[in-house]
Number of protein chains: 2
Amino acid sequence: MARAAGVSQATVSYVLNDNPNARVSEQTRERVREAAARLGYVPDASARTLRTGRSGLVLVPLAPARTGRLFQDFLDRFGDELGRHGFTLVQYGERHLKGVPAAKSWAALRPAAVLVDVTRLTKAAVDLLTSSGTRVVIGLADKPSPLVPVVVLDHEAVGACAARHLLGGGRSRLGAVVPREEGIDLMGEARLRGVRQVAPGAERIDLAFSEEEAARVAARADLPEGIFAYNDEYAMLLISALQDAGVRVPDDVAVVGADDLPIATLMRPRLTSVHFDPTATPGELAALLEEIVRGEREAGPGAVVDLYRPRIVVRDSA
Amino acid sequence: MARAAGVSQATVSYVLNDNPNARVSEQTRERVREAAARLGYVPDASARTLRTGRSGLVLVPLAPARTGRLFQDFLDRFGDELGRHGFTLVQYGERHLKGVPAAKSWAALRPAAVLVDVTRLTKAAVDLLTSSGTRVVIGLADKPSPLVPVVVLDHEAVGACAARHLLGGGRSRLGAVVPREEGIDLMGEARLRGVRQVAPGAERIDLAFSEEEAARVAARADLPEGIFAYNDEYAMLLISALQDAGVRVPDDVAVVGADDLPIATLMRPRLTSVHFDPTATPGELAALLEEIVRGEREAGPGAVVDLYRPRIVVRDSA
DNA sequence: TTGTATGCGTTATCAT
DNA sequence: ATGATAACGCATACAA
């Protein structure tokens, strides 16, 4: 490319990167740009990565389909914002590439940052990443971590929020659904803990997403007076089963969902749900991340960014 | 790394890549592996990319949250399978990085393959990619393309499938919902075309996802006898509005959704929906892609892989 | 069976 | 104000 423009490689680099401490005449700049356009020249990201020791990739090793709509929306916009800062968000599910530990396949890409569930992080993994150029490893968790700074989605607060509303409505015997579904069961347990912070005796109701299971629960004689159903989908499942069993909602049993899905208002009774108000915008996070990667800012273990604040949206089901 | 193992770089490369035309003693192999483990050595993907001219990345430039659950599930498993073949699926939303054409930012990563909506492809973009090392550009479309091989999700077939069922049930005046929602409006129009293939006079019903809009439609005096509501969520919205307006479903108006979501069976009446049977598995596609990238197979414009076959699941709403 | 040498495209440093 | 050069880590042709 350089030879084609009649200038040196260095000059090309200066021009195309708008390098501020390079002094290049406007005439030369034009010649370089012309040649680049003519040749369809595109800078090679891998060469830059090799040279600088760090890629522009921000890794998010999560199974997209399993993270839920809320976090998926967040990632979507976060990726947009990162793009504006020159990064590329890379989302991919877990692999067991010939038994290679996940952290190694992450490190191979020399990512600028990694955002991953803390349950999948070990000290060794963090060390491997940081020693191979990654500037910051951010955990995804529901509480602070001694290992890394975290982005928090506080599931206990969600359960507590729902439970407070149910108690406030005069229901004293509570229950909380814990989905029997891989990938979200842990979140279910966290939300249950939150319910129990407010209503210590709350019952755990394990439930798979099937009408048979829901019918079995609905047929019980000793149903709690109020149930936090984990999310809106499980709430719909449960309400549907309760109605089929002749149990009145909310008269006999109050039900609260979470996520405040658009379809929540379409149910009859309309679904009372825990809504998530964003507290940190993707744009702010992207800007923060850029500062950290550029070394203008430190972020150690213990640091916390809260993503959402739960808020109850009262409709008819509770 | 090489010096630490007491061997040459070349030997390290041979051993770690299981290079078949290199003959290395088992003893040396062991020494290399031991040193790699001891040092926490991780090969640098960017160096490999620079050397070979092509990365292991498979780019899917789509806004994840907007592609729908079905395709998201597909991508999720496709990514897993690609991982087994040594590729990394990279999903990211559209950027407008300082006005740089999208194809340039794709080409910068020297991806092995790109899978993208054909509406975002031009001849120039395809040429740029192929000339910079990308082995195959695959379009995502609802019909064959003269530009690239495509993966098909035939929306017209979906509409036709729903319309056939409605006609077969004795409904002759049909309507089809076209969502007024960026990103899915084009799919809505394709599904409408499919309905009209079977029922030429079918009415187009534009609808935004809001209860007010749906109520307005439901209040009409001249409702069609059968409506294909685009998908299950719009079907739920519409049915809810119809019921509020005193219109009986399916007696007065039959409604068909699509996607066959788990919650479809929770509605009352239970939702009749177009289900998607996978015809090509992610595993097959990943294997196919690997063959193409390795040059063992050609894939030119016109080639088509059909992803799903639509099938009606009859319940109570139509 | 193993080592040596070369070059991929970029950027930092130093020379002109 | 611009050019020359080295080095990043890896894969590969070729020498030993």
Side-chain angles (χ1 to χ4, degrees), chain A residues 1-33 35-36 39-57 86 104-105 107-112 131-134 294-295, chain B residues 1-33 35-36 39-57 86 104-105 107-112 128 131-134 293-295:
Chain A
M1 155 68 198
R3 10 287 187 186
V7 300
S8 75
Q9 297 180 42
T11 309
V12 173
S13 175
Y14 288 144
V15 173
L16 296 184
N17 293 319
D18 285 327
N19 191 321
N21 32 335
R23 305 133 307 178
V24 180
S25 69
E26 189 50 48
Q27 184 186 352
T28 309
R29 301 186 108 90
E30 199 44 55
R31 207 142 45 96
V32 171
R33 294 207 195 87
L39 299 178
Y41 166 83
V42 177
D44 187 320
S46 67
R48 165 185 265 127
T49 298
L50 178 58
R51 175 62 226 219
T52 63
R54 182 162 40 245
S55 72
L57 267 33
K104 289 215 173 187
S105 66
L109 295 174
R110 301 292 188 269
S131 73
S132 71
T134 296
R294 304 220 310 214
Chain B
M1 157 68 198
R3 9 287 189 187
V7 301
S8 74
Q9 292 184 46
T11 309
V12 173
S13 176
Y14 289 145
V15 172
L16 296 183
N17 293 323
D18 284 327
N19 191 322
N21 31 335
R23 301 135 308 178
V24 180
S25 71
E26 190 50 48
Q27 184 186 353
T28 308
R29 301 185 108 90
E30 199 43 55
R31 205 139 48 94
V32 172
R33 294 206 196 88
L39 299 179
Y41 167 84
V42 177
D44 186 321
S46 67
R48 170 192 248 115
T49 299
L50 180 58
R51 171 65 227 223
T52 62
R54 184 163 35 248
S55 72
L57 267 34
K104 289 213 173 188
S105 67
L109 295 174
R110 302 293 188 268
L128 176 63
S131 73
S132 70
T134 297
V293 170
R294 304 220 310 215

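Reminder, nothing fancy here: chain letters follow the sequence lines and each chain counts from 1.
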Scan [X] against the nucleic acid and name what it touches under 4.0 Å (heavy atoms): base, sugar-phosphate only, or nothing.
{"X": "S46(A)", "result": "nothing"}
{"X": "T28(A)", "result": "sugar-phosphate"}
{"X": "V7(B)", "result": "sugar-phosphate"}

Rounding to a whole Å, what distance do you find between [X]:[atom1] and [N]:[atom2]?
{"X": "L109(A)", "N": "dG9(D)", "atom1": "CG", "atom2": "P", "result": "16 Å"}
{"X": "L16(A)", "N": "dT2(D)", "atom1": "CG", "atom2": "P", "result": "15 Å"}
{"X": "L39(B)", "N": "dG9(D)", "atom1": "CG", "atom2": "P", "result": "13 Å"}
{"X": "D44(B)", "N": "dG9(C)", "atom1": "CG", "atom2": "P", "result": "16 Å"}
{"X": "R110(B)", "N": "dG9(C)", "atom1": "CZ", "atom2": "C1'", "result": "9 Å"}
{"X": "E30(B)", "N": "dT1(C)", "atom1": "CD", "atom2": "P", "result": "17 Å"}
{"X": "Y41(B)", "N": "dC8(D)", "atom1": "OH", "atom2": "P", "result": "14 Å"}
{"X": "R29(B)", "N": "dT2(C)", "atom1": "CZ", "atom2": "P", "result": "9 Å"}

Who pairs with S25(A) by side-chain contact (heavy atoms from CB on, under 4.5 Å), at least two apart in sequence or on another chain?
Q27(A), T28(A)
Residues that S13(A) engages under side-chain contact (heavy atoms from CB on, under 4.5 Å), provided they are two or more places apart
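Result, side-chain contact (heavy atoms from CB on, under 4.5 Å) vs S13(A): N17(A).
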Could you check whether any side-chain N or O of T134(B) sits under 3.5 Å from a backbone N or O of P111(B), counting only pairs where one atom can act as donor and the other as acceptor?
yes
Side-chain donor or acceptor of R54(A) paired with backbone N/O of G133(A) under 3.5 Å:
yes
I want to confirm an ordering. Mapping S25(B) and P43(A) to their closest nucleotides on DNA chain C, which one lands closer to the 5' end?
S25(B)
Could you pull out all residues at least two apart from [X] that satisfy side chain to side chain donor-acceptor pair (under 3.5 Å)?
{"X": "S131(A)", "answer": "none"}
{"X": "T11(B)", "answer": "S8(B)"}
{"X": "R31(B)", "answer": "none"}

Identify each atom pair where a protein N or O and an N or O of nucleotides 11-14 of chain D are less than 3.5 Å apart, giving names and distance.
{"unit_1": "dA11(D)", "atom_1": "OP1", "unit_2": "N17(B)", "atom_2": "ND2", "d": "3.3"}
{"unit_1": "dA11(D)", "atom_1": "OP1", "unit_2": "R48(B)", "atom_2": "NE", "d": "3.1"}
{"unit_1": "dA11(D)", "atom_1": "OP1", "unit_2": "R48(B)", "atom_2": "NH2", "d": "3.0"}
{"unit_1": "dA11(D)", "atom_1": "OP2", "unit_2": "S13(B)", "atom_2": "OG", "d": "2.9"}
{"unit_1": "dA11(D)", "atom_1": "OP2", "unit_2": "N17(B)", "atom_2": "ND2", "d": "3.0"}
{"unit_1": "dA11(D)", "atom_1": "N3", "unit_2": "R51(B)", "atom_2": "NH1", "d": "2.7"}

Please determine whether a side-chain nitrogen or oxygen atom of T49(B) lies at a distance below 4.0 Å from atom OP1 or OP2 of dC10(D).
no
